[in-house]
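Order of the sequence lines fixes the chain letters, A, B, ..., with proteins taken first and strands second; residue numbering starts at 1 for each chain. Just so you know, these numbers use all the heavy atoms, side chains as well, and skip hydrogens, waters and symmetry mates.
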Amino acid sequence: MAKEGITPRAKDYAQWYLDIVRGADLADYAEVVRGCIVFKPTGYALWEAIQRGLDERIKASGHVNAYFPLLIPKSFLMKEAEHVEGFAPEVAEVTRAGGQELSEPYVIRPTSETIIGYFYSKWVRSWRDLPLLINQWANVMRWEMRTRPFLRTTEFLWQEGHTVHVDHDDAERETLMILNDVYADFAEKDMALPVLRGIKTEKEKFAGALRSYAIEVMTQDGRALQAGTSHNLGQNFAKAFEITYADKNNQVQHAWTTSWGVSTRLIGATIMGHSDDDGLVLPPRLAPIQVVIVPIYKNDVEKATVLDAIDKITAEWRGKIRFYLDARDHLTPGFKFNEWELKGVPLRMEVGPKDVQKESVALAPRIVLEGSVPEGKKPKSFVPQAGLTEHVSNLMDRIQHGLYERALKFREAHTFQANNYDELKGQVDAGFVRCWWAGSRADEEKIQDETKATIRVLPIDQPGGKGKCVYTGKEAHTIAVFARAY
RNA sequence: CGGGGCGUGGCGCAGCCUGGUAGCGCACCUGCCUUGGGAGCAGGGGGUCGGCCGUUCAAAUCGGCUCGCCCCGACCA
């Protein structure tokens, strides 16, 4: 039942993804600028919805927004050894401006720890200045070898939070609070995507961090997509940039910093997590258009009465339901049905002459809901106009929850337990693999060479107890989750 | 950056091997007619064939260089 021009997932998942991006009109390749995309209005509207949900949570937890320069003196990037090593290969430099060579080149920010660190060192003097809780919405640039719309582009949009704390524990609390109360909460409630929360291994952690945490989403081909990261930077950047404060005993201390970010990759996560062979599927809380209305009529008289009925029906929707009336005259209803399914609108409402007569409307959810008509037939139900606003609002909730449950079931069905390395090798192409782990960084690298899979996280929720390491056979106290990553 | 594939109206493609004034489907425009799951008919507009250089009387077609895109791999949010 795939739409024209949409490659079925089972045939070619990568091509399916690109077909959705193009078909739903989310982005255009910026073919004149390597690795970049244009966020078209629908794609950008998704980003705006993501910004709203996150910004609300970021501010509710005491942070404020600010903005730092796009250009960073190259020397700044060099100050934290591990950080340089991690980012050097992918930074773009500005060496010439104003018609002459610059005495010191700037780099275009790949992330802003360094320049923000410089300013924080000026702003922080006393323990009374802490915690310093600032977030920035910005674009960044990383010269990646291979790009993919939303998932990895040379330039991308994100938010990066940068905070300063008095000690390790306070920084750690912040790092975890962001992971749980901001990122995981947003992903699960607004994006309807279940996330796996955990700690990154040494091999996968942020360049320059003491410890990195992440939320990981499972895509429909069973791979892992890092959807957000939160880092306890320890005193590494505080030392590199001399962020110090006088404590209560007037002793000068190096501060502890954190940073955390999510990017336009979340748009890719939403696409990969929910969409199907008919096109994009959007969770109602994120959808720029929640209900599309398709009027049905045969002549001008019918058209007038139908549009009039729609006006009355939607009069009380403003501010409650985001809807759009597709009044294009030259297209048949059937064409519109398919087009809006491709664009992922959660609910379609049809209003025709029969509905006007019977004071009903036809409602067709984008996904099959629990307890409705099984696969094959597209579910469409006729409901009375009386009480419709509430009915539609309820449907939005049911679709939102339905999406979450569907994604969760999928993840559970594609999460395996490996007791030995052979099992892991066999399972890792199909999904997440949980196993006991006591290996080294070198062991992890060897596994990556042999299976393409890496440890995505050491889950925060550990079962306790002990077992045999999947690779070394040694006694292990930690469960790791392996997967192939995007 | 390595291996593979591909650049021809907005989109998808044919034409290239064997050089000779650029074609098809969809989309678009106009009109009629239709409209509860991708309607029909008629008329019409739109492309210096990714770019540059070369071979030739003549290049979408042959040769060289270059740019870009897609897939696979190494790097990454």
Discussion item. Partner lookup for B:rG2, please. Criteria are Watson-Crick or G-U wobble with both distances under 3.5 angstrom; report none if nothing qualifies.
Written reply: B:rC72
Discussion item. When the P atoms of B:rC13 and B:rC70 are compared, how many Å lie between them, rounded to an integer?
Written reply: 14 Å
Item to complete: Give me the ring orientation class for A:Phe323 and A:Trp317: parallel if the planes are under 30° apart, tilted from 30 to 60°, perpendicular past 60°.
Response: perpendicular
Discussion item. Tell me which nucleotide, if any, is Watson-Crick or G-U wobble paired with B:rG45 when both distances must be under 3.5 Å.
Written reply: none
Discussion item. Reading RNA chain B from 5' onward, which residue's closest nucleotide shows up sooner: A:Thr153 or A:His330?
Written reply: A:His330
Worksheet entry | Presence of A:Thr332 side-chain N/O under 4.0 Å of B:rA39 phosphate oxygens OP1/OP2 | yes
Worksheet item: Is A:Pro295 touching bases, backbone alone, or none of the nucleic acid, heavy atoms closer than 4.0 Å?
Response: nothing
Response to the item:
Applying the 3.5 Å cut-off to both distances, the Watson-Crick or G-U partner of B:rC26 turns out to be B:rG10
Worksheet item: Under 30°, 30 to 60°, or over 60°: which ring-plane class applies to A:Phe482 and A:Trp437, parallel, tilted or perpendicular?
Response: perpendicular
Worksheet item: Got a donor-acceptor pair under 3.5 Å from the side chain of A:Arg348 to the base of B:rG36?
Response: no
Just the table, please: protein N/O against nucleotides 42-46 of chain B N/O, every pair under 3.5 Å.
none

Worksheet entry | Complementary nucleotide of B:rU34, counting Watson-Crick and G-U pairs under 3.5 Å | none
Discussion item. Does A:Asn299 reach a base, just sugar-phosphate, or nothing at all? Heavy atoms under 4.0 Å.
Written reply: nothing
Worksheet item: Expressed in whole Å, how much space separates the P atoms belonging to B:rG15 and B:rC62?
Response: 12 Å
Discussion item. Between the base of B:rG37 and the side chain of A:Glu350, is one N or O donor paired with an acceptor at under 3.5 angstrom?
Written reply: no
Fill in: Inter-nucleotide C1' distance (B:rG23, B:rC67), Å rounded
27 Å
Fill in: Among B:rU35, B:rA39, B:rC75, the one nearest A:Glu90 by side-chain distance
B:rC75
Worksheet item: Looking only at atom P, what distance separates B:rA74 and B:rG7, rounded to whole Å?
Response: 28 Å
Discussion item. Under 6.0 Å from the ring centre and within 45 degrees of the ring axis: does the NZ or CZ of A:Arg348 meet both conditions for the six-membered ring of A:Phe337?
Written reply: yes
Discussion item. Which is more 5' along RNA chain B, the nucleotide nearest A:Thr154 or the one nearest A:Pro353? Just name the residue.
Written reply: A:Pro353
Worksheet entry | Pairwise C1' distance, B:rG47 and B:rA27 [rounded to whole Å] | 15 Å
Worksheet entry | The single option from A:His162, A:Gln159, A:Glu160 passing side-chain hydrogen bond (donor to acceptor under 3.5 Å, both in side chains) against A:Asn135 | A:Gln159
Discussion item. For the aromatic rings, using the six-membered ring if either is Trp, is the centroid distance between A:His83 and A:Phe237 under 6.0 Å?
Written reply: yes
Worksheet item: Taking only residues two or more places apart in sequence, or in another chain, which ones meet A:Asp181 in a salt bridge (charged side-chain N to carboxylate O under 4.0 Å, His left out)?
Response: none
Discussion item. Need the pair for B:rU56. Rule: Watson-Crick or G-U wobble, both distances under 3.5 Å, any strand; none if unpaired.
Written reply: none
Discussion item. Rounding to an integer number of angstrom, what distance separates B:rG43 and B:rG20 when you compare their C1' atoms?
Written reply: 32 Å
Worksheet entry | A:Ala362 side-chain proximity, nearest of B:rG38, B:rU35, B:rG36 | B:rG36
Worksheet item: So do A:Ser381 and A:Leu363 actually touch side chain to side chain, heavy atoms under 4.5 Å?
Response: yes
Worksheet entry | Side chain A:Gln220, main chain A:Met272, donor-acceptor under 3.5 Å | yes
Practice prompt. Sticking with atom P, work out how far B:rG54 lies from B:rU61, rounded to a whole angstrom.
Written response: 15 Å
Atom pairs under 3.5 Å, N or O on each side, protein against nucleotides 70-73 of chain B: can you list them with distances?
{"from": "B:rC70", "atom 1": "OP1", "to": "A:Tyr29", "atom 2": "OH", "distance (Å)": "2.9"}
{"from": "B:rC72", "atom 1": "OP2", "to": "A:Arg146", "atom 2": "NH2", "distance (Å)": "2.2"}
{"from": "B:rG73", "atom 1": "OP1", "to": "A:Arg484", "atom 2": "NH2", "distance (Å)": "3.1"}

Item to complete: Among the candidates B:rA39, B:rG36, B:rU35, find the nucleotide nearest to the side-chain atoms of A:Lys354.
Response: B:rG36
Practice prompt. Give the C-alpha distance, both sets of side-chain angles, the deciding distance and a yes or no for ring pair (Phe, Tyr, Trp, His ring centres under 6.0 Å) between A:Phe39 and A:Phe150.
Written response: CA-CA 9 Å; A:Phe39 290 75; A:Phe150 299 120; 5.5 Å; yes
Worksheet item: How is A:Gly261 classified with respect to the nucleic acid when contacts are heavy atoms under 4.0 Å: base, sugar-phosphate, or nothing?
Response: nothing
Worksheet entry | Ring-face cation of A:Arg142 near A:Trp158 (centre distance under 6.0 Å, axis angle within 45°) | yes
Worksheet item: If we call it a pair only when both distances are under 3.5 Å in a Watson-Crick or G-U wobble match, what pairs with B:rC16?
Response: none
Worksheet item: If the C1' atom of B:rG9 is compared with that of B:rC29, how far apart are they to the nearest Å?
Response: 15 Å
Discussion item. Given 3.5 Å as the limit, does a donor-acceptor pair link the side chain of A:Ser275 with the main chain of A:Val281, or not?
Written reply: yes
